[in-house]
Amino acid sequence: MRYSQTLIPTLKETPAEAEVVSHRLLLRAGFIRKLTAGIYTYLPMGLAAVRKVEQIVREEMNRAGAQELLMPMVQPADLWSETGRYEKYGPELLRFHDRHGRESCLGPTHEEVITDLARREIRSYRDLPINMYQIQTKFRDEIRPRFGLMRGREFIMKDAYSFDADDDAATKSYEIMYETYKKIFSRCGLEFRPVEADSGSIGGSFSHEFMVLADTGEDTLVICSSCDYAANSEKAAVAAPAVDESPMQDLEKVETPGKRKVNAVCEFMDIKASELVKTMVYKVDGGTVAVLVRGDREVQEVKLKNILGVADVEMADDKEVYDATGVPTGYLGPVGIKVKLLVDQEVAAMKNFVVGANEKNFHMRNVNIGRDFEAAEVADLRQISPEDPCPSCGATLTLKEGIEVGHVFKLGTGYSESMNAVFQDADGQDKHMVMGCYGIGVSRIVAAAIEQNHDENGMIFPMALAPVQVVLLNLGLKDAEITAAAESLYKDMQSQGVEVLFDDRDERPGFKFKDADLLGIPLRITVGKRLTKDGVIELRQRKDGTTEELSPEKIIERVLELIQTEMGHG
RNA sequence: CGGGGCAUAGCGCAGCCUGGUAGCGCGCCUGCCUUGGGAGCAGGAAGUCGGAGGUUCGAAUCCUCCUGUCCCGACCA
């Protein structure tokens with residue numbers, strides 16, 4: 001493609017809206033433009049990069065035996081009501097009515113549609129297993145879209161769904177996808193980690209996320225320094241601590257005027273935050289619960305959700321806390337509280353701790369579970385910390401930030417039961433299909449790749465994801481010999497299957513170099529005066545600046561060789 | 001949904017406090033010049049100052065409401 005005829009609106013200055021590096025560079029390099037919050041147009045270069053990801057995904061999915069199809073984006077509400085998700089999914093599901101007043105929604109995911117297809121078309125165990133996928137635009141009305149392609153409302157996703165006759169077969173399908181995902185992300189040149197994950201609103205029995213390691217990630221990963229344990233911190237189990245066997249001391253009420261925050265109370269009473277227990281009030285499905293965690297810990301809401309079996313938990317605000325308990329925030333405690341009490345296992349092992357007295361300006365000392373209050377339930381409720389031991393081997397843990405680019409779930413029969421997707425097994429019995437689902441954020445991968453591969457001059461694409469493999473600069477537009485050589489090189493490369501962007505613009509050399517760097521194209525060929533003077537053409541690699549000077553006859557051969565090598569090891 | 005910004009030419013911003021002819025840089029157009037790391041000179045086009053209402057002789061500027069957008073938070077009482 002000729003640069004002069006392609007829309008690549010690069011910017012010298014960074015648009016004010018961009019915070020993270022991938023967003024900034026995608027805008028500056030003219031890959032994307034924003035239409036409205038969280039919704040972007042992919043310009044030719046951006047789309048080319050997306051297509052590269054799609055191609056890798058497609059090849060690996062097909063190789064794994066999955067079949068591509070394409071499902072509708074607009075879906076009837078009825079279908080979602082069958083699984084109960086029309087009510088449960090929340091405001092992320094964009095709902096609307098068509099002209100006949102039929103309730104509809106934009107598909108954020110396609111379990112309902114695919115299960116509907118499966119129940120209609122799959123009759124026999126002979127039709128199983130089957131794995132179907134699509135690459136499609138999804139819409140999720142995110143609370144807060146941000147960071148460009150990283151968390152958009154409209155985005156491109158590959159979603160696959162497997163159907164099996166029994167649980168063992170479903171596990172096998174899951175494992176195939178797990179391995180396929182590793183290949184896909186490796187080919188994309190990403191540094192990633194599969195981690196144990198919470199299965200979230202999709203539901204299901206177990207799941208893994210594929211995380212690209214990057215500081216701008218929105219998730220926190222827990223990684224063991226010794227064994228191969230890795231998990232999303234939402235999921236990471238905290239080991240139960242040893243029980244403190246100290247004798248119980250007498251309960252004591254202490255006046256703590258105006259001391260509401262953990263820090264203030266600790267300073268005032270001269271104790272450590274680890275000797276205090278805080279009482280956090282949550283709203284859950286219309287009710288209220290209180291959660292006890294140590295003063296220096298954090299409630300892990302995903303764990304709380306899972307233990308309560310609810311779709312959503314939300315911290316109560318000051319007024320809601322007062323309405324539910326009659327106590328102003330800051331002085332809440334478990335002794336005599338009227339709401340259901342969930343106790344973190346760490347607190348259950350503590351003795352003689354400090355809590356709010358359920359009375360303004362008072363706290364209590366030497367509080368003990370069992371004597372002073374009872375727990376409705378004791379469980380692992382807090383966020384894991386770097387001081388905790390590895391849940392698997394006990395070694396030390398590190399926490400890292402990651403971007404979720406893929407997620408695999410073993411769903412079981414939840415959807416097939418609620419939607420009555422059955423097949424007739426070899427024994428003549430109707431059975432529910434066992435499902436799995438597997439997502440990849442295609443557009444997000446482009447952003448993640450840029451987060452991992454860039455420098456002060458711009459993007460640095462791995463060969464596999466680059467919009468084009470080569471950028472060819474003609475620096476001698478007014479020189480007939482140079483221009484003729486560049487033109488012929490352009491044609492020859494095209495005919496040999498090299499993807500090339502030919503910078504034939506009437507611009508100064510510096511300008512072209514800057515744009516070539518910004519676009520992150522792996523190989524740059526410069527045809528200029530050195531051709532007429534020394535008979536050579538320059539070939540430079542974006543990633544490390546390696547430069548070679550070659551004769552026009554040798555250059556394509558060398559380019560093909562480099563492309564081969566680069567694609568070879570991702 | 002809560003808090004905080006921001007909204008002035010395609011992009012980045014100044015002007016607003018203290019009301020009185022709308023500005024700068026980049027980009028864009030024309031010409032000259034230049035051509036291996038975002039050149040130089042000269043000329044030029046381009047803005048309902050986000051929208052609606054109000055105050056005023058007069059509003060980009062002050063007031064009210066609305067909209068859009070970005071950031072933080074929506075977990076630590």
A.B. asks: Within the structure shown, what part of the strands sits under 4.0 Å from A:Gly528 by heavy-atom distance: base, sugar-phosphate, or nothing?
C.D. replies: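 Base contact.
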A.B. asks: Pairs under 3.5 angstrom only: tabulate donor-acceptor contacts from the side chains of residues 32-40 of chain A to other protein residues two or more places apart or in another chain.
C.D. replies:
residue : atom : partner : partner atom : Å
A:Arg33 : NH1  : A:Leu27 : O            : 2.8
A:Arg33 : NH2  : A:Pro9  : O            : 2.7
A:Tyr40 : OH   : A:His23 : NE2          : 3.3

A.B. asks: Taking atom C1' in both B:rC13 and B:rG37, compute the distance separating them and give it to the nearest angstrom.
C.D. replies: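 It works out to 27 Å between them.
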A.B. asks: What distance, rounded to whole Å, do you find between the two P atoms, one in B:rG12 and one in B:rA7?
C.D. replies: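 My reading of the P atoms in B:rG12 and B:rA7 gives 11 Å.
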A.B. asks: Go through A:Val281 and A:Leu332 one step at a time and tell me if the side-chain contact (heavy atoms from CB on, under 4.5 Å) criterion holds.
C.D. replies: CA-CA 9 Å; A:Val281 177; A:Leu332 279 169; 3.6 Å; yes
A.B. asks: Determine the contact category for A:Lys261: base if any of its heavy atoms lies under 4.0 Å from a base atom, sugar-phosphate if only primed atoms, P, OP1 or OP2 are that close, otherwise nothing.
C.D. replies: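 Sugar-phosphate: the residue A:Lys261, judged by heavy atoms under 4.0 Å, touches backbone atoms but no base.
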A.B. asks: Run the salt bridge (charged side-chain N to carboxylate O under 4.0 Å, His left out) test against A:Asp372 and tell me which residues pass, sequence neighbours left out.
C.D. replies: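 Checked A:Asp372 against salt bridge (charged side-chain N to carboxylate O under 4.0 Å, His left out); zero matches.
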A.B. asks: Which one is paired to B:rG40, where only Watson-Crick or G-U wobble pairs with both distances under 3.5 angstrom count?
C.D. replies: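 For B:rG40, the partner nucleotide comes out as B:rC32, under the 3.5 Å rule.
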A.B. asks: I'd like to know if A:Lys491 pairs up with A:Glu487 as an ion pair, taking the criterion as any Lys NZ or Arg NE/NH1/NH2 lying under 4.0 Å from an Asp or Glu carboxylate oxygen.
C.D. replies: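 Between A:Glu487 and A:Lys491 there is a salt bridge, with a charged N closer than 4.0 Å to a carboxylate O.
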A.B. asks: Check every strand shown and say whether A:Leu475 touches a base, only sugar-phosphate, or nothing at a heavy-atom separation below 4.0 Å.
C.D. replies: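 Base contact - A:Leu475 has a heavy atom under 4.0 Å of at least one base atom.
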A.B. asks: Counting any heavy atom closer than 4.0 Å, what does A:Ile143 reach on the DNA or RNA strands: base, sugar-phosphate only, or nothing?
C.D. replies: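 Base contact - A:Ile143 has a heavy atom under 4.0 Å of at least one base atom.
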A.B. asks: Looking across every strand, which nucleic acid part, if any, lies under 4.0 Å from A:Val321 by heavy atom: base, sugar-phosphate, or nothing?
C.D. replies: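 A:Val321: base contact, heavy atoms under 4.0 Å.
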A.B. asks: What interatomic distance, in whole Å, is found between P of B:rU21 and the corresponding atom of B:rG4?
C.D. replies: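 After rounding to an integer number of Å, I get 34 Å for this pair.
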A.B. asks: Checking all strands, does A:Ala316 fall into the base, sugar-phosphate, or nothing category for heavy-atom contacts under 4.0 angstrom?
C.D. replies: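 Base contact - A:Ala316 has a heavy atom under 4.0 Å of at least one base atom.
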A.B. asks: For a quick check of understanding: with a heavy-atom distance under 4.0 Å over all strands, which category does A:Glu19 fall into, base, sugar-phosphate or nothing?
C.D. replies: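 Sugar-phosphate: the residue A:Glu19, judged by heavy atoms under 4.0 Å, touches backbone atoms but no base.
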A.B. asks: Select base, sugar-phosphate, or nothing to describe what A:Glu301 touches, counting heavy atoms under 4.0 Å on all strands.
C.D. replies: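 The residue A:Glu301 makes sugar-phosphate contact but no base contact.
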A.B. asks: Considering only heavy atoms of chain A and a distance under 4.0 Å, specify the first and last nucleotide of RNA chain B in 5' to 3' order that meet this criterion.
C.D. replies: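 Contact boundaries, 5' end first: B:rC11 to B:rA77.
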A.B. asks: Applying the Watson-Crick and G-U wobble criteria at under 3.5 Å, what pairs with B:rA45? Answer none if nothing qualifies.
C.D. replies: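 In the structure as shown, B:rA45 has no Watson-Crick or wobble partner.
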A.B. asks: Counting the atoms with a prime plus P, OP1 and OP2 as sugar-phosphate, which does A:Arg540 contact under 4.0 Å by heavy atoms, base, sugar-phosphate, or nothing?
C.D. replies: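 Answer is base: heavy atoms of A:Arg540 come under 4.0 Å of a base.
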A.B. asks: Sticking with atom P, work out how far B:rA45 lies from B:rG10, rounded to a whole angstrom.
C.D. replies: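 Straight-line distance between the two P atoms is 16 Å.
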A.B. asks: Say you pick atom C1' in B:rU18 and the same atom in B:rC28; how far apart are they, in whole Å?
C.D. replies: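 My reading of the C1' atoms in B:rU18 and B:rC28 gives 37 Å.
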A.B. asks: By the 4.0 Å heavy-atom rule, please label A:Asp517 as base, sugar-phosphate, or nothing.
C.D. replies: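 Base, at least one base atom sits under 4.0 Å.
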A.B. asks: Between A:Asp388 and A:Arg382, does any NZ, NE, NH1 or NH2 come within less than 4.0 Å of an OD or OE carboxylate oxygen?
C.D. replies: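 Looking at A:Asp388 together with A:Arg382, the answer is yes, because their closest N to O distance falls below 4.0 Å.
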A.B. asks: Pick the closest RNA chain B nucleotide for A:Pro15 and for A:Lys512 by heavy atoms, then say which residue is nearer the 5' end.
C.D. replies: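 Its nucleotide being nearer the 5' end, the pick is A:Pro15.
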A.B. asks: Taking for each residue the nucleotide of RNA chain B with the nearest heavy atom, is it A:Tyr282 or A:Phe511 whose nucleotide lies nearer the 5' end?
C.D. replies: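 Mapping each residue to its closest nucleotide by heavy atoms, the 5'-most match is A:Phe511.
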A.B. asks: Looking at A:Glu346 and A:Arg294, is any side-chain nitrogen of the basic one under 4.0 Å from a carboxylate oxygen of the acidic one?
C.D. replies: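 Judged by the 4.0 Å cut-off on N to carboxylate O distance, A:Arg294 and A:Glu346 do form a salt bridge.
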A.B. asks: What contact category does A:Arg260 fall into here, base, sugar-phosphate, or nothing, at under 4.0 angstrom with non-hydrogen atoms?
C.D. replies: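 Sugar-phosphate, backbone atoms only, no base.
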A.B. asks: In whole Å, what separates the C1' atom of B:rA59 from that of B:rG54?
C.D. replies: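 My reading of the C1' atoms in B:rA59 and B:rG54 gives 11 Å.
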A.B. asks: Start with the C-alpha gap between A:His407 and A:Glu404, add the side-chain angles, then the distance that decides, and say whether side-chain hydrogen bond (donor to acceptor under 3.5 Å, both in side chains) holds.
C.D. replies: CA-CA 7 Å; A:His407 202 158; A:Glu404 181 190 347; 2.9 Å; yes
A.B. asks: Sort out the partner of B:rC24 for me: Watson-Crick or G-U wobble, both distances under 3.5 Å, none otherwise.
C.D. replies: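 Because both required distances fall under 3.5 Å, B:rC24 counts as paired with B:rG12.
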A.B. asks: Which part of the nucleic acid does A:Arg530 contact within heavy-atom distance under 4.0 Å: base, sugar-phosphate only, or nothing?
C.D. replies: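 Contact class for A:Arg530: base.
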A.B. asks: Across all strands shown, which nucleotide pairs with B:rU64 by Watson-Crick or G-U wobble geometry, both distances under 3.5 Å?
C.D. replies: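 Result: B:rA52.
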A.B. asks: Might you point out which heavy atoms bring A:Thr279 and A:Gly333 nearest each other, and give the distance in Å?
C.D. replies: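 Minimum heavy-atom contact is OG1-CA, 3.5 Å.
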A.B. asks: Considering only atom P, compute the distance from B:rG23 to B:rA9 and round it to an integer number of Å.
C.D. replies: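 Straight-line distance between the two P atoms is 13 Å.
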A.B. asks: Rounding to the closest angstrom, what is the interatomic distance between B:rG73 and B:rC49 at atom C1'?
C.D. replies: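 32 Å, rounded to whole Å.
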A.B. asks: Applying a 3.5 Å limit to both distances, which nucleotide forms a Watson-Crick or G-U wobble pair with B:rG2?
C.D. replies: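 WC or wobble partner is B:rC72.
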A.B. asks: Report the relative orientation of the aromatic rings in A:Phe373 and A:Phe353; use parallel for angles under 30°, tilted for 30 to 60°, perpendicular for over 60°.
C.D. replies: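 Aromatic pair A:Phe373/A:Phe353 classed perpendicular.
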A.B. asks: Remember a base hit wins even if backbone is also touched, and classify A:Arg524 as base, sugar-phosphate or nothing at under 4.0 Å, heavy atoms.
C.D. replies: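 Result for A:Arg524 = base.
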A.B. asks: Under 4.0 Å, heavy atoms only, any strand: does A:Thr14 hit a base, just the sugar-phosphate, or nothing?
C.D. replies: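 Sugar-phosphate, no base atom in range.
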